[in-house]
Amino acid sequence: MMLNAHDIAKLGEISTLLEVSGYPKPGNVHRTQDFKEITYEDFIVSGVSIRDSLEIAAYNGSKCYPNMLDHISVGECILRAIRDTQQFVNSNTNLGISMLLVPLAATFGALTHEDSITNLPSILTTMIKNSQVDDAVALVKAISLANAGGMENKTSKYDVNNSNTLDDIRDNNINMYGLLEMSAKYDKISQELISGLPVIRKYGYPTYAKYMRDYSTNDVTVAVFLEILANVPDTLISRKYDEDVAMQVSENAKMILEDTSIASSDRLEAIEAFDQILRKNNYNPGTTADFTAASIYVGLVDKYSVNGL
């Protein structure tokens with residue numbers, strides 16, 4: 001692994017900027033489309049804002065794995081990312097991205113010269129399982145601070161909206177892994193972090209690796225987004241509406257993949273029509289965007305890990 005913590009953070013920032021710039025990423029903010037309350041520029045600022053947290057996580061991973069796992073402080077780095085972002089942006093633009101990219105940055109930092117990207121899931125799992133109570137407390141604070149959408153009807157012993165939650169986590173010695181395990185049944189990012197990165201490994205990263213040499217960055221970004229959406233019903237849509245709606249959105253994305261080719265005019269036309277349907281119904285595949293950024297991050301680190309930047 002030829003990348004230092006600074007390089008790892010830089011690639012993380014780049015991955016967020018490439019993701020939000022992907023055009024026309026259906027149902028999401030991109031370079032030609034804002035939401036009413038959140039703009040493309042908000043996401044650009046948010047991507048830049050998490051860079052320090054990524055660098056700290058990567059540095060901690062490089063210095064503390066595998067002998068001082070209790071000092072990596074992944075939860076605190078996620079909380080810092082949200083706090084740094086909210087100095088400039090008042091909306092939740094990057095909680096999901098931070099929850100994915102910060103642990104990935106710590107894991108990239110832990111990779112040695114002998115490791116390959118295939119070691120990523122096992123090292124990340126080791127870090128999350130050996131996280132501390134303070135990591136869980138910091139994660140709850142980050143979720144509460146970001147005011148994540150669609151959480152109102154979710155029941156959990158450690159509800160982020162319950163004022164007693166932080167004390168309960170400390171009293172019951174719940175670490176970050178335990179907290180994510182409880183939320184995994186309704187949140188795919190939590191599931192991703194405790195299950196060896198199945199979405200990124202099976203859909204996101206392979207799609208990036210398949211196309212990155214032959215197509216534009218933008219076309220690859222949109223292809224990664226569609227591949228993930230087609231195969232993984234979006235958590236944000238299912239939380240705000242229901243699983244049936246999320247499944248139908250995924251079926252529509254799958255049809256586009258089956259009926260059109262990457263970078264073709266037919267695909268562009270189909271995506272634009274799909275985009276209009278999603279926007280008309282306020283269906284926002286926000287979790288898919290988070291997975292897209294994380295998949296690009298893995299692809300970029302894999303690309304530059306041998307020779308460095």
Side-chain angles (χ1 to χ4, degrees), residues 19-20 22-30 33 35 38 92-97 99-100 143 148-156 180-208 210-211 219-262 264 266-296 298:
E19 182 281 317
V20 74
Y23 163 84
K25 205 166 66 265
N28 280 266
V29 171
H30 53 70
Q33 182 69 57
F35 286 155
I38 307 177
N92 173 26
T93 51
N94 61 5
L95 174 65
I97 283 179
M99 286 180 64
L100 287 170
I143 295 170
M151 299 296 290
E152 295 80 5
N153 298 318
K154 297 301 171 188
T155 58
S156 170
L180 293 170
E181 191 174 35
M182 282 181 272
S183 59
K185 61 182 180 293
Y186 60 82
D187 180 73
K188 288 188 174 67
I189 290 178
S190 298
Q191 186 179 49
E192 186 80 357
L193 290 171
I194 66 169
S195 304
L197 305 174
V199 175
I200 294 169
R201 285 192 297 110
K202 188 173 182 180
Y203 303 113
Y205 167 67
T207 302
Y208 178 89
K210 177 180 179 180
Y211 292 123
D219 287 331
V220 174
T221 298
V222 176
V224 170
F225 180 90
L226 282 175
E227 185 71 26
I228 294 171
L229 183 59
N231 289 282
V232 185
D234 190 87
T235 285
L236 186 57
I237 293 177
S238 63
R239 282 207 306 250
K240 287 187 173 181
Y241 300 96
D242 58 48
E243 192 66 27
D244 289 340
V245 172
M247 288 287 291
Q248 185 57 57
V249 170
S250 289
E251 285 299 317
N252 291 343
K254 188 175 297 184
M255 288 175 59
I256 293 174
L257 287 177
E258 292 173 349
D259 296 343
T260 66
S261 301
I262 183 173
S264 67
D266 287 346
R267 175 162 293 187
L268 177 60
E269 183 178 342
I271 292 175
E272 288 178 337
F274 185 34
D275 184 39
Q276 291 301 312
I277 293 172
L278 295 181
R279 293 184 190 281
K280 180 180 178 180
N281 291 282
N282 294 316
Y283 298 158
N284 165 221
T287 305
T288 304
D290 299 335
F291 280 128
T292 301
S295 299
I296 293 171
V298 174

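In this chain, residues are counted from 1 in sequence order. Since the structure is predicted, the reported quantities are computational estimates derived from the model, not experimental observations.
Residues meeting the side chain to side chain donor-acceptor pair (under 3.5 Å) test with E19, sequence neighbours left out: K25. Evaluation of the side-chain contact (heavy atoms from CB on, under 4.5 Å) rule for Q33 yields H30, R279 as partners, not counting sequence neighbours. Contacts of E227 classified as salt bridge (Lys or Arg N to Asp or Glu O under 4.0 Å), with partners at least two apart in sequence or in another chain: none.
Interatomic distance, CD1 of I237 versus CE of M247, reported as 12.5 Å (0.5 Å rounding). How far CD of Q191 is from CG of L180: 11.0 Å, rounded to the nearest 0.5 Å. One finds the CG atom of D290 at 8.5 Å from the CG atom of L236 (value rounded to the nearest 0.5 Å). With values rounded to the nearest 0.5 angstrom, T287 atom OG1 is found 10.5 Å from I97 atom CD1. Between the CG atom of N231 and the NZ atom of K202 there is a distance of 7.5 Å, given to the nearest 0.5 Å. Residue L257 holds its CG atom at 9.5 Å from CD1 of I262, rounded to the nearest 0.5 Å.
A donor-acceptor pair is defined here as one N or O able to donate and one able to accept, closer than 3.5 Å; such a pair exists between the side chain of D234 and the backbone of T288. Checking side-chain atoms of E272 against main-chain N and O of P24 turns up no donor-acceptor pair under 3.5 Å. Side chain of T235 to main chain of K188: a donor-acceptor pair is present (N/O by atom type, distance under 3.5 Å, no hydrogens or angles).
For the pair S295 and Y203, the minimum side-chain heavy-atom distance is 4.5 Å or more. Within the 4.5 Å cutoff, the side chain of Y241 has no heavy atoms near those of the N281 side chain. Residues Y186 and S238 have side chains not in contact (no heavy-atom distance under 4.5 Å, counting atoms from C-beta outward).
Using modelled atom types, one finds no donor on one side chain facing an acceptor on the other under 3.5 Å when comparing Q248 with D244.
Looking at every heavy atom in both residues, I271 comes nearest to P26 through CG2-CD, 3.8 Å. Shortest non-hydrogen contact noted between Y23 and V222 is O-CG2, 3.4 Å. Across all their heavy atoms, F35 and N28 have their closest contact at CZ-CA, 3.8 Å. Closest heavy-atom contact between A230 and K254: O-CE, 3.3 Å. Considering every non-hydrogen atom in both A184 and I194, the closest pair reads CB-CD1, 3.8 Å. Shortest non-hydrogen contact noted between S261 and R267 is O-CB, 3.4 Å.
The pair D187-R239 meets the salt-bridge criterion, since a charged nitrogen lies less than 4.0 angstrom from a carboxylate oxygen.
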